[in-house]
Amino acid sequence: MQRPDVPTTAQPGSSMTEGGEPSATLEAEQIQLLLDALPALISYIDDEERYGIVNRAYERWFGEDRSSLAGRHVREVIGDSAYAAVKPRIDAVLGGQPQDFESRLVYRRSGRRHVRIQYIPHFGASGEVHGFFTLVADISEQKRAEEARRFLADVTALLDPVLDRDTSYRRVAELAVTSVADWCSVHTIEPDGALRARVIAHADPAKAEVVSRLAQRSRIPPEAETPLHEVLHGGPGRLLSEIPDSVFAGVARDVEHFAALCALGCRSAVIVPIRGEECVLAALTLASAESGRTYTAADLAFAEELAQCIQVALQRMRLYDMARDAEAEARRRFLAEQEARRAAERAAQRMAGLQRITAALADALTCEAVAEVAVDQGAAAAGAYAGSIVVTAGDAIECLKAVGYGPEIVERFRRMAASDGLPLTDPLRTGAPVWLRTRKECAARYPDFAATALTSTTASLCCLPLLVQERPIGALGLSFAEPRPFDHEEQEFLLALSRQCAQALERARLHEERAAIIERERRVAIENARLYREAHEADRRKDEFIAMLSHELRNPLAPITTGLELLRMSTGDRGDRDDSQILATLERQVKTIVRLVDDLLDVSRITRGKIELKRERFDVGAVVETAVESVRTLLAQRRHELVLSVEPGVLVHGDRVRIEQIVVNLLTNAIKYTNPGGRVSLSCAASGGDAWIRVTDTGVGISAELLPRVFEPFMQARRTLDRSQGGLGVGLTLVKRLTELHGGRVEAVSAGPGEGTAISVWLPLAGTSAESAAAPSTEIPRSGAGALRVLLVDDNVDAAEGLRRILQLHGHTVAMAHDGPAALEAARASKPELVLLDIGLPGMDGYEVVRRLRAEPELRGSYIAAVSGYGQDQDRRRSREAGFDAHLTKPVATAQLLALVAEAAPRG
């Protein structure tokens, strides 16, 4: 049932009205004829989306009679794909909005078409939309032509002459699948005649990947007869409107392969040759699949035009390549000429540098000078920023010179072991150079060195052996700030440099050895001369010392001998002999002998470091007074004037006895070497943190020749035979050694012979400690204690008899023995409270006797003192270890003996 206001298809047989005017049916037929004559699709669609009027163009598009389309739904006629694309437009026009648009649609039977569509709404009297008129124009060819022109323009712009062929093929294929084809491929013929797929592209990259793998697995043999073979062998382009399965069967390897090729869905294709100047270079294939497009002769012409564009582009590429190659060849020649010129300049510079280095090395006479030249000038000539040179030193390797490195690196590699795996040690072990062209190469060969010691500045380095007769004596290392190729020319230069350095080092070593031999011979000669002079001088001094010692010992022995003769005389022969005067003389001369022996022993002990100071805090003034009292008699004998200037409160921390010995020796020396009636001055004061003791005399003075050696042992000015001064020449030596033991210093000053002498001693002042400064009592102890039982043991009967008489005079009971076994018997019999025991006894020495006495229960409390001529420190230490309570050195003075008795008395 048709709506009265909607046009319908005219029916035949009702063309005129009765009045002779055209009827509505006639008008409809005329309109229908007009619509059928138009190539575009024209139709009317009602609001239910069903066709009312359609023209004959629908029959050509959809292959159905147009009368069968009336009343059918749009979706049923045009298909689901096209309907889905236009449905929004239909809704809009049914809403009263006209539509005018272009679209690429896939129709149910007519396939893919590019169309321009107009929807015109049909309004009713009340404004409601009853349907719409459609006008569909096929503009596919127009669009295809436009796309072809645009595609060719894009291809022309895309094909850069700098590209290679495969890249150009790939770009064209990738562009083709975006507009003119579903598949695009480029094939070439291999030398063996087989086909090779150079490029395969599809809009879906996954499908292109599958086909590429399939093409790699398959090989189209040269005997296959396919359109590709025909085109590649010079035939014309081929249009395959429909691709038959026989094409796939010609290239399929097996049934599975054939199925895979069929599954690609290629339905139509064009294959055109891409020609070169003399042959076909490749075959370009455009194929349709998903789009359902059927290629025509126009597409073949387009493909041939595309191949022509590719051909022109390839020709441009070839010309570009030729121009580029020509330019590259010209540039290569230019660079080669430049490099040759630079190489010649470098060779000249290196030769000049090597000549300068050779000349400088010739002037280097020491290894250090050679290293200076090699590192400084060698590094500069080689273009290195830093360098070093090392030499063998026994089992080690020492760095002679290094420049350009940090102090921590220099210190770390100042000395190396030959076994260390380092760039500098390997040439010494192998004799071969080490070339490290990059940091990576260095890290691969020496990983520890590269990780810990390779500075950031170093980009390459070389280490060259210094060979002498094929024997490595050192290595030269150079560091560069940029990677270096170390080509043959550079290696030859660096090896020549290392050879020059090695020869110079060997010359310097030989020169140094020769100079050392000469120097040793000169020193030996000088030393021999000195030793001869010293031996001659020592021999002279020995003779003088023996003469002095003989004279000094004979002087006191003469009056002792005389005194003894006088005492030996009988009472009747005494006459007016004065025994007290004789005894005084004997005592004086014995003291002289004891002093001489003590001085010699003190010098020996101090020289061997065996003396120990018993330090205490005291006033130097008190020691000076005691020393002055000790020399009063000598002052009176020489009739000298003594001038004293002593500052009170000058405190030192030292050995009182030794400092007194210093002052006594200074005074004795001044008194002896000053002519009778002279003046001796002694001053003591605090000066600059020291106690200053100065002794000045108006005596004979000291010559300038003797003054520097006045403190040496046995040094005296030449004396006359009268020996008026006396002494052994060790007094000032004792003064100097004892002063230095106290941390002080001594100085002698004299204007020359006859001008007197001044000797100064500086001793450090004591600190402000709370040590007692009181001097110990110097009073000789008296034997006020009760009488003791004393045992005297000495193999010298005369010495024992003398001590016995002294002890008996002081009320003590004395028993005597003269050897070890007798001493033990006497001790057991007398139970002595004090034992005076000689060490050097016959049969059994004193050490063994004291150990046995200590083992006796009744004698353990006895006070046992060693009396011996051995008084060295080791002797005293050994006596203490053996069990002695005290150690006296012969001869024993009465004061010492009585002091010992007083100490032993409490035990009695």
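Smallest separation of non-hydrogen atoms from V652 and P764: CG1-O, 3.6 Å. Residues D838 and V867 share a closest heavy-atom pair of OD1-O, 2.9 Å.
Going from atom CD1 of I702 over to atom CG of L707 covers 5.5 Å, rounded to the nearest 0.5 Å. The CG atom of L836 sits 10.0 Å away from the OH atom of Y863 when rounded to the nearest 0.5 Å. We find the CZ-CD distance between R851 and E881 to be 10.0 Å, quoted to the nearest 0.5 Å. The CZ atom of R737 lies 11.5 Å from the CZ atom of F711; values are rounded to the nearest 0.5 Å.
Applying the side chain to side chain donor-acceptor pair (under 3.5 Å) rule to W762 yields no partners; only residues at least two apart in sequence or on another chain are considered. For D697, there are no side chain to side chain donor-acceptor pair (under 3.5 Å) partners two or more places apart in sequence or in a different chain. For the side chain to side chain donor-acceptor pair (under 3.5 Å) test, residues two or more places apart in sequence or in another chain that qualify with R522 are E519. Take R852 and apply the side chain to side chain donor-acceptor pair (under 3.5 Å) test, not counting sequence neighbours, and it matches E848.
Side-chain polar atoms of T889 and R876 form a donor-acceptor pair below 3.5 angstrom. Side-chain atoms of R658 and Q661 form a donor-acceptor pair, as typed in the model, at a separation below 3.5 Å. Checking R789 against T813 by side-chain atom types alone, no donor-acceptor pair falls below 3.5 Å.
Within 6.0 Å of CZ on R632 lie more than 12 heavy atoms contributed by other residues, nucleotides or ligands. Within a 6.0 Å radius of CG in D395, other residues, nucleotides and ligands contribute 12 heavy atoms or fewer.
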Where do V695 and N669 land on the side chain to side chain contact (heavy atoms under 4.5 Å, CB included) test, with the steps shown first? CA-CA 10 Å; V695 175; N669 225 47; over 6 Å; no
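Ion pairing between a basic and an acidic side chain is recognised when a charged N comes within 4.0 Å of a carboxylate O; E527 and R530 show such pairing.
Residue pairs that meet the side-chain hydrogen bond (donor to acceptor under 3.5 Å, both in side chains) test with at least one member in residues 739-759, sequence neighbours left out, are K736-E740. Pairs passing the salt bridge (charged side-chain N to carboxylate O under 4.0 Å, His left out) check and including a residue from residues 823-832, sequence neighbours excluded, read E825-R828, R828-E856, K831-E858.
Although no hydrogens or angles enter the test, the distance criterion places a donor-acceptor pair under 3.5 Å between the side chain of R638 and the main chain of T674. Listed for the R694 side chain is no donor-acceptor partner under 3.5 Å among the backbone atoms of S683. Between the side chain of D655 and the backbone N or O of K614 there is at least one donor-acceptor pair closer than 3.5 Å. Listed for the H812 side chain is a donor-acceptor partner under 3.5 Å among the backbone atoms of L788. T698 contributes no side-chain N or O that, together with a main-chain N or O of G678, makes up a donor-acceptor pair within less than 3.5 Å. In this structure, the side chain of H640 does not engage the main chain of R679 through any donor-acceptor pair within 3.5 Å. With hydrogens and angles ignored, the 3.5 Å screen pairs a side-chain donor or acceptor of N528 with a backbone N or O of V524. D885 places a side-chain N or O within 3.5 Å of a backbone atom of I864 that can act as its donor or acceptor partner. With hydrogens and angles disregarded, a donor-acceptor distance shorter than 3.5 Å links the side chain of R854 to the backbone of G883. Judged by distance alone, with hydrogens and angles left aside, the side-chain atoms of D690 form no donor-acceptor pair with the main-chain N or O of W692 at under 3.5 Å.
With a 4.5 Å cut-off on side-chain heavy atoms, L732 and I759 count as touching. With contacts defined as side-chain heavy-atom distances shorter than 4.5 Å, the pair V892/L900 does not qualify. Within the 4.5 Å cutoff, side-chain heavy atoms of L644 are placed close to those of L682. V735 has its side chain within reach of I662: a pair of non-hydrogen atoms, C-beta onward, lies under 4.5 Å apart. Residues D819 and D795 form no side-chain contact, since every pair of their non-hydrogen atoms from C-beta on lies 4.5 Å or further apart. For the pair L765 and L651, the minimum side-chain heavy-atom distance is 4.5 Å or more. Put simply, the side chain of F884 reaches to within 4.5 Å of the side chain of L837, judged on heavy atoms. Taking the side chain as every heavy atom from C-beta outward, I671 and V631 approach each other to under 4.5 Å.
Remark: of the listed residues N665, L667, L666, L667 is the sole one forming a side-chain contact (heavy atoms from CB on, under 4.5 Å) with V663.
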